[in-house]
Each structure stands twice: as C-alpha cells, then as structure tokens.
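One structure is given here, and the rest of the page talks about it.
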2 protein chains.
Amino acid sequence: MTSTSRPRVTIADVAREAQTSTASVSYALNGRPGVSLDTRARVLAVAARLGWSPASAARSLAGAGSGTIGLVLARDPRDLAVEPFYMQFIAGVEATLAPRSMGLLLEVAPTAVAEVEAIRRWHMSRRVDGVLLTDVIADDPRVELVKEIGAPAVVVGDPSEAAGLTSLWTDDAAATQQAVEHLVSLGHRRITRFAAPGRYAYTVIRDAAFESASQAVGIEHDIVRTDLSLDSGADAARTVLSVSRPPSGLLFDNDVMAVAALTAAHDLGLSVPGDVSIVAWDDSLLCQLVTPSLTALGHDVLALGAHAARRLLDVIDGVEPAAFQDATPTLRVRASTGPAPVET
Amino acid sequence: MTSTSRPRVTIADVAREAQTSTASVSYALNGRPGVSLDTRARVLAVAARLGWSPASAARSLAGAGSGTIGLVLARDPRDLAVEPFYMQFIAGVEATLAPRSMGLLLEVAPTAVAEVEAIRRWHMSRRVDGVLLTDVIADDPRVELVKEIGAPAVVVGDPSEAAGLTSLWTDDAAATQQAVEHLVSLGHRRITRFAAPGRYAYTVIRDAAFESASQAVGIEHDIVRTDLSLDSGADAARTVLSVSRPPSGLLFDNDVMAVAALTAAHDLGLSVPGDVSIVAWDDSLLCQLVTPSLTALGHDVLALGAHAARRLLDVIDGVEPAAFQDATPTLRVRASTGPAPVET
DNA sequence: GCCACGAACTTAAGCGCTTAAGCTTACGGG
DNA sequence: CCCGTAAGCTTAAGCGCTTAAGTTCGTGGC
C-alpha cells in the first residue's frame with residue numbers, strides 16, 4: 001500500500017488558500033515590504049498549515065541563489081577516516097549554515113583534476129553559490145579556477161596562496177615557535193621537525209618558523225620530510241632516533257606520525273619523555289588516549305569551520321576580499337614532553 | 001580589476017552555435033534518441049567548447065530530479081570528530097555518486113527534531129531525490145516521516161526498524177558470536193559486554209546474540225549499559241574489574257570505550273591480555289595504534305556507504321523496497337586478547 | 001510515380017518561483 | 001473638491017531547462 005505521490009503544494013495553492021496573489025505570498029515569505037501585516041500573517045499561517053516550502057529549483061532559477069555552498073575534499077578516501085579535521089570542520093560549517101537554512105554540498109575528489117572539474121561543474125550549473133577551499137597548495141589550480149570563473153570563494157589557508165581571494169589563516173608560525181620554546185624551556189638542545197610535503201603552503205611557513213625559532217635560541221635543529229602517513233612517520237622517527245647522538249625533542253606535523261613515533265621509540269628501547277620528548281600538531285582524541293598522552297598543538301576546528309562559512313557568506317553577499325586571522329593554535333602540554341635527558 | 005560577471009552560457013547559446021534547436025541540444029546531451037550522430041557530435045563539441053553545464057535548477061524544475069541525495073548526521077558536532085565512521089561512510093557514498101555526477105547534501109542536526117525538519121524541508125523543496133538514514137532507533141521518527149511523505153530512502157540498519165523501507169544491514173549477531181567464540185577458545189569462562197544504549201536497534205540484536213552465544217557454551221556472562229562515551233567506558237570498566245572475581249574477557253560496543261578500558265585496567269594493575277582480554281567493535285586506526293593494539297570487530301565502511309548509495313539510487317529509480325545484507329564484520333585479532341589467566 | 005512511414009528536427013508549453021511594472025484605493029494638502 | 005501620492009495588491013514576464021506534439025523530408029513498397 002504505497003501512498004501514491006501526494007499532490008505537490010506550490011505557491012499557487014498557498015495564494016489561493018490565503019486569498020491573495022502568488023506575488024504577495026512571495027513577498028510575505030521573504031519578509032519584503034509591500035504586504036500588510038494582516039496578509040503576511042495569513043500567508044504564513046496557510047504556508048505552515050499546508051507544510052509548504054518553496055521549490056528551491058524554481059527559486060534559484062528565478063534569480064535567488066541556490067542556497068548551497070560547496071566543499072571539495074581532496075584526499076584519498078582511505079585517509080579521510082584518519083583525519084578528524086574534516087568532520088570537525090564540516091560540523092563547524094554547518095553550524096553557520098543551518099540557521100540560515102543553507103545547505104552544504106560535498107564532494108570527495110580522488111584527484112586534483114577531479115576536484116577542479118567538480119568546482120567548475122558546480123559553478124557552471126549554479127548548484128552552489130560559493131566554495132570553500134582547504135589544503136591549499138602553491139599555485140593551486142583551484143584558486144586559479146575560481147578567480148577565472150569568478151566564483152565566490154574562501155581559502156582556508158595562508159593569504160600568500162590566496163591570490164587576493166578572501167582567506168582565513170591561523171598563525172602557524174607563532175604556534176611553531178611556541179612548541180620550540182616549550183622544548184627549549186625543558187632543556188632540549190637538539191630537536192627535529194618531521195614536516196609535511198613541501199607543496200603545502202603551511203609547510204613552508206612552519207619550516208621557516210622552526211628555523212628561526214631554533215636559531216634564535218641557538219640549538220641544533222633539523223627538518224625531515226615525510227608524507228604525513230603512519231609508515232612515513234614511523235620510518236623517519238626510527239631513522240632519526242638510531243643515530244649516535246639523536247635529538248631529544250621531536251616535533252611532528254600531525255598526530256598520526258607522532259603516535260607512530262611513540263611506538264618507534266618504544267621499540268628502540270627509548271622512554272618517552274625520559275629519553276625523548278614528542279610534540280604533535282593536530283590535537284585529537286588520539287593524542288589524549290595513547291600512553292603516554294601527547295603534548296600537541298591544537299585549535300578549535302569547529303570554530304574555524306564556522307568562521308570560514310561566515311566569511312564565504314559575506315563574499316557571496318559582495319563583501320570585498322580580505323585576509324582574516326583565526327585563533328592561533330595553542331600548545332596543550334601532556335605527558336609526552338619532559339626535561340631533556342642529561343648529556344652523557 | 002575584478003572580472004565582471006561573464007555572460008552566462010545557456011542551452012540557447014549552445015543551440016545557436018551548433019545551428020540547431022534547444023530541444024535537440026537537450027536530447028543530445030541526455031543521450032536520447034531522435035538526434036543524428038552528426039548533430040549529436042556537433043552539440044557535444046560546442047558544449048565542451050563553451051564549457052556549458054545545464055543549470056541544475058532549470059533541469060530539476062523541468063522535471064528531472066535534483067541530482068542530489070541527502071544525509072543528515074544526527075550527532076553532537078563534538079562527537080563527530082571522534083567517530084571515523086561517518087567520514088568513511090560519506091567517502092563511500094561519494095564513490096557511488098561522483099561517477100553519476102550526483103551530489104551529496106549534508107546536514108549536521110544537533111537534535112532529532114532538527115533532523116526530521118531538515119529531511120522534511122529537503123523533500124518539500126525538492127532539494128534532494130532521496131535520503132540516507134543512519135543510526136536508526138526504535139520507532140524512529142525519521143522512518144515514519146519518510147514513509148508519510150513518500151520520500152525515497154534507504155535505512156542503514158536492521159530491517160526490523162525499517163518499517164518496510166529498503167534497508168541495508170550487517171549481521172551483528174554473527175559478528176558478536178564470533179567475538180564470544182574467540183574469547184571462549186582462549187579459555188575465558190567469564191565475559192562481560194559493555195553495550196550501547198538500548199534505543200539503538202543494533203544494541204538489542206547484539207545483546208540477544210551475546211546471551212545466546214554465551215549460554216550455548218555455558219559460560220558466565222553479563223551486560224553493562226553505557227553511553228558509548230570515553231568516560232562511561234572507563235567508569236564501567238573500572239567498576240566491573242574491581243569486584244573480587246572479575247571477568248577475564250571484555251567486549252565493548254565501540255573503540256573509544258575499549259581504549260578507555262585499557263587505561264582503566266592499567267590503573268588497576270591488571271595486564272592486558274595477561275589478566276584481562278579486550279575486544280572492541282568498530283575497528284579503527286585507534287585500535288591499531290594503542291598499546292597493546294586492540295582485537296576488534298570491523299567492517300569495510302567505505303564499501304557500506306557505496307552500497308547504501310547504490311540502493312538509494314535504485315529506490316529513486318522505482319525499484320521495490322527490500323532488505324539487503326552487507327558484509328558481516330570480521331574479527332581482527334591483535335594483541336589485546338590472549339589466553340585466560342589460570343583460575344586461582 | 002504515389003503514398004505511407006519513420007527518422008530528424010522544431011515549436012511551444014510548462015515546471016514554480018521572483019520581481020518590475022501596472023493598477024486600485026484611501027488619504028491629505030492646496 | 002480635485003489631484004498627487006503612497007501603500008497594498010495583482011499581472012505578467014521571465015529564469016533555463018524537458019518533452020509532448022507537430023513539421024519536414026527522405027525512403028521504400030506497391
């Protein structure tokens with residue numbers, strides 16, 4: 001007994017029931033002037049009674065926006081499960097969107113080409129009013145695309161990569177400095193940074209901040225390149241810790257590698273933080289649950305997402321592009337960092 | 001020098017350039033008969049050259065679907081970061097959708113009411129062609145809504161809660177039995193299950209399977225109710241392990257609680273798996289990274305999402321409702337389970 | 001050589017909104 | 001008492017597609 005498709009209720013139905021024209025219904029619903037209080041109330045009551053929502057297709061065809069913003073996740077699907085970042089970010093974006101009855105259109109694009117295509121298609125077919133760009137790389141093709149086609153966009157990343165688009169950045173340099181100073185204050189004189197691939201804008205920024213913070217206090221420092229994966233972190237940590245005079249402070253560009261290093265240190269018979277101290281970027285539940293718990297640089301990703309969405313809505317409304325700064329990540333000190341071992 | 005909004009290219013532009021009518025362009029684009037090979041090729045070439053994508057609003061107004069399916073995540077935003085499930089599931093859904101150029105509309109609804117409203121609004125305004133329902137509970141209001149308004153939907157959960165809608169289920173009973181048998185084969189004779197709230201359909205199913213599997217082999221067994229949170233798991237584990245003759249096998253309904261139990265056991269001076277063996281549901285990176293790594297019941301969530309989306313597209317295409325079974329979770333044995341301690 | 005037929009193509013009628021423009025009506029100032 | 005004005009409301013013209021219905025034309029059967 002499938003309930004056969006009930007008749008669609010349209011603006012005309014509401015107009016008829018409320019004894020007025022469709023134009024008045026439209027004006028009333030959108031809170032525009034030109035309708036008496038009486039009529040407005042009557043329209044809203046009828047609309048509620050009939051459970052009418054304007055067909056978004058008709059609305060956007062007629063000139064209103066689509067009421068949707070787009071987000072493309074350019075990561076391998078398998079990696080997404082590992083990264084709590086996106087889910088948090090999405091939740092934040094939604095927190096801004098939901099009260100305005102706007103929607104979030106998602107696409108998981110396996111390749112950069114697919115990602116650019118998705119954005120182009122979305123914009124050309126007017127499915128979205130604007131897009132959010134994360135994980136921006138140097139000379140990002142997406143940035144060029146949105147500039148070319150004139151799609152409203154917000155770059156979540158450093159302004160240097162945003163090519164004049166509105167951007168939202170966090171001060172990774174300051175955060176990096178914090179982490180270095182934390183280790184130095186514990187007496188560490190030899191530290192190594194395990195960095196993300198150089199194509200990410202933030203890598204370059206963190207690298208530079210790491211260099212200058214280390215030089216400022218005159219300690220030995222080194223940077224090892226990784227690909228952020230578990231294995232890459234474990235391998236790099238093992239290599240670095242196996243030399244004759246290994247560093248006593250390790251700084252990782254994400255949480256997964258830091259956890260891998262924990263295991264690597266354990267396997268090499270080194271104690272954390274007795275022999276080696278470990279700091280992670282991207283604080284997460286993982287950092288809290290491992291033993292010892294990890295000292296980490298973290299920030300409120302939920303707030304970041306909400307902030308990014310707000311800026312995008314501004315851009316859609318025609319606000320001029322600008323660079324905005326979000327809160328600086330803070331160091332959450334836990335059990336994985338401690339006084340440097342005494343030099344033998 | 002903002003490039004002023006370039007002229008929108010429409011089907012009429014393509015028709016003019018290709019020296020044909022808009023109808024032919026439409027037929028050509030949608031691969032319908034009634035167009036010669038020659039014309040079809042010409043149209044597609046022009047469309048490509050002009051970079052034209054049909055306006056989705058116009059298309060869906062004219063009767064085609066919206067080319068979008070909806071997914072509402074009914075969890076507290078803070079919890080979402082903890083649950084790798086959703087991100088994986090979404091990635092799987094996308095794997096099905098992307099090749100068909102379909103979109104995924106997301107909403108994070110903090111409350112059940114907001115969730116039902118979101119679905120109703122989506123369907124009424126025809127923003128989505130169908131919806132995916134996860135985390136289904138007994139007498140779920142969403143299931144009732146979807147039946148009432150006749151929205152195409154797929155329930156990811158047990159058919160018993162799907163009220164005749166198409167559903168996609170995994171055999172949690174068989175998986176539970178596997179876990180119990182694994183512990184029994186290691187000599188455990190007293191096991192406790194730390195269960196999710198009873199409102200979830202799967203809880204009831206797992207409870208029953210746990211009971212019958214335990215009774216079948218005649219071992220002592222007990223079920224403790226939790227709320228799946230870290231704290232709730234830690235508290236429950238502490239309580240259960242503090243009695244005079246504690247169970248030697250613990251089975252948790254998610255990974256987070258199992259990790260919490262690891263810490264609780266450690267704090268009580270119990271070794272894992274020497275004194276107590278631990279098994280988790282929801283295998284994740286977390287299970288692999290903690291020490292000792294956790295034996296867990298896991299399944300391919302990416303595949304589940306892809307499967308669910310496929311079924312939903314079928315339902316949208318008018319295929320009759322049915323219950324489909326996805327792969328049964330498998331037990332991934334790691335370091336947290338071992339031979340039962342010798343009874344003193 | 002004529003006609004019926006089907007393939008290829010075009011015309012035009014919506015789909016359900018928004019909004020500019022036109023129309024009423026009531027009202028107050030000159 | 002007349003008219004300009006403005007508030008309230010309606011009419012109707014799109015927005016860019018899809019598709020039923022109509023038109024044209026080449027082809028083959030008789």
Side-chain angles (χ1 to χ4, degrees), chain A residues 5-44 46-47 50-68 101 121-127 129, chain B residues 5-44 46-47 50-68 101 121-127 129:
Chain A
S5 58
R6 68 196 56 239
R8 288 285 182 194
V9 20
T10 74
I11 197 173
D13 299 322
V14 177
R16 189 170 353 90
E17 291 272 319
Q19 318 213 49
T20 181
S21 66
T22 62
S24 292
V25 173
S26 177
Y27 288 135
L29 189 83
N30 296 312
R32 243 164 265 251
V35 202
S36 67
L37 257 57
D38 183 52
T39 305
R40 192 180 300 272
R42 200 152 23 90
V43 166
L44 295 180
V46 171
L50 266 44
W52 173 71
S53 299
S56 75
R59 174 174 267 199
S60 80
L61 228 208
S66 63
T68 306
S101 294
R121 198 164 11 88
W122 277 351
H123 182 253
M124 285 296 143
S125 59
R126 306 237 245 320
R127 279 171 85 95
D129 298 334
Chain B
S5 57
R6 67 198 58 238
R8 288 286 183 192
V9 19
T10 73
I11 197 174
D13 300 321
V14 176
R16 190 170 352 91
E17 291 271 318
Q19 318 212 49
T20 182
S21 67
T22 62
S24 291
V25 173
S26 177
Y27 288 135
L29 190 82
N30 296 313
R32 243 165 264 252
V35 201
S36 67
L37 257 59
D38 183 52
T39 305
R40 191 181 301 272
R42 202 156 16 96
V43 166
L44 295 180
V46 172
L50 266 44
W52 173 71
S53 298
S56 74
R59 173 173 268 199
S60 80
L61 227 207
S66 63
T68 307
S101 292
R121 197 161 16 85
W122 277 351
H123 182 252
M124 285 296 144
S125 59
R126 306 238 245 321
R127 279 171 85 95
D129 298 334

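The figures that follow rest on heavy atoms only: side chains count, while hydrogens, waters and symmetry mates do not.
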Within the sub-3.5 Å range, which N or O atoms of nucleotides 5-7 of chain C have a protein N or O partner, and how far apart are they?
none

Under the rule for side chain to side chain donor-acceptor pair (under 3.5 Å), what residues qualify as partners of B/S60, not counting sequence neighbours?
none

Counterpart residues, side chain to side chain donor-acceptor pair (under 3.5 Å), relative to B/S56 (two or more places apart)
none

Close approaches to DNA chain C from residues 11-26 of chain A, in residue order (heavy atom, under 4.0 Å)
A/I11, A/A23, A/S26

If I take atom CG in residue B/L37 and atom C1' in nucleotide C/dA8, what distance separates them, rounded to the nearest angstrom?
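Value for this atom pair: 12 Å.
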
Below 4.0 angstrom, which residues in residues 60-68 of chain A have at least one non-hydrogen atom near DNA chain D?
A/L61, A/A62

Look only at the side chain of [X] and the backbone of [Y], and say whether a donor-acceptor pair between them is shorter than 3.5 Å.
{"X": "B/D129", "Y": "B/G65", "answer": "no"}
{"X": "B/S125", "Y": "B/R121", "answer": "yes"}
{"X": "B/T20", "Y": "B/A18", "answer": "no"}

Find the bend of the helix from C/dG1-D/dC30 to C/dG30-D/dC1 as the angle between its two terminal axes (five pairs each), to the nearest 10°.
50°

What residues form a side chain to side chain contact (heavy atoms under 4.5 Å, CB included) with B/A62, not counting sequence neighbours?
none

For A/R126, check side chain to side chain contact (heavy atoms under 4.5 Å, CB included) against everything at least two apart and list the hits.
B/R8, B/A55

Tell me, please, which residues at least two apart from B/R42 pass salt bridge (charged side-chain N to carboxylate O under 4.0 Å, His left out).
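B/D38.
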
Applying a 4.0 Å non-hydrogen cut-off, can you work out what A/T39 is touching in the nucleic acid: base, sugar-phosphate, or nothing?
sugar-phosphate

Could you tell me whether A/R40 contacts a base, only the sugar-phosphate backbone, or nothing, with contacts defined as non-hydrogen atoms closer than 4.0 Å?
nothing

Which pairs with one or both residues in residues 17-31 of chain A pass salt bridge (Lys or Arg N to Asp or Glu O under 4.0 Å), sequence neighbours excluded?
A/E17-A/R49

Would a 4.5 Å heavy-atom cut-off, applied to side chains only, mark B/W52 and B/L29 as touching?
yes

Chain B contact limits on DNA chain D, taken 5' to 3' with a cut-off of 4.0 angstrom to heavy atoms
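With heavy atoms of chain B under 4.0 Å away, the range is D/dG16 to D/dA20.
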
What side-chain donor-acceptor pairs closer than 3.5 Å can you find for residues 30-37 of chain B, not counting sequence neighbours?
residue, atom, partner, partner atom, Å
B/N30, OD1, B/R59, NH2, 3.0
B/N30, ND2, B/S26, O, 3.0
B/S36, OG, B/T39, N, 3.2
B/S36, OG, B/T39, OG1, 2.9

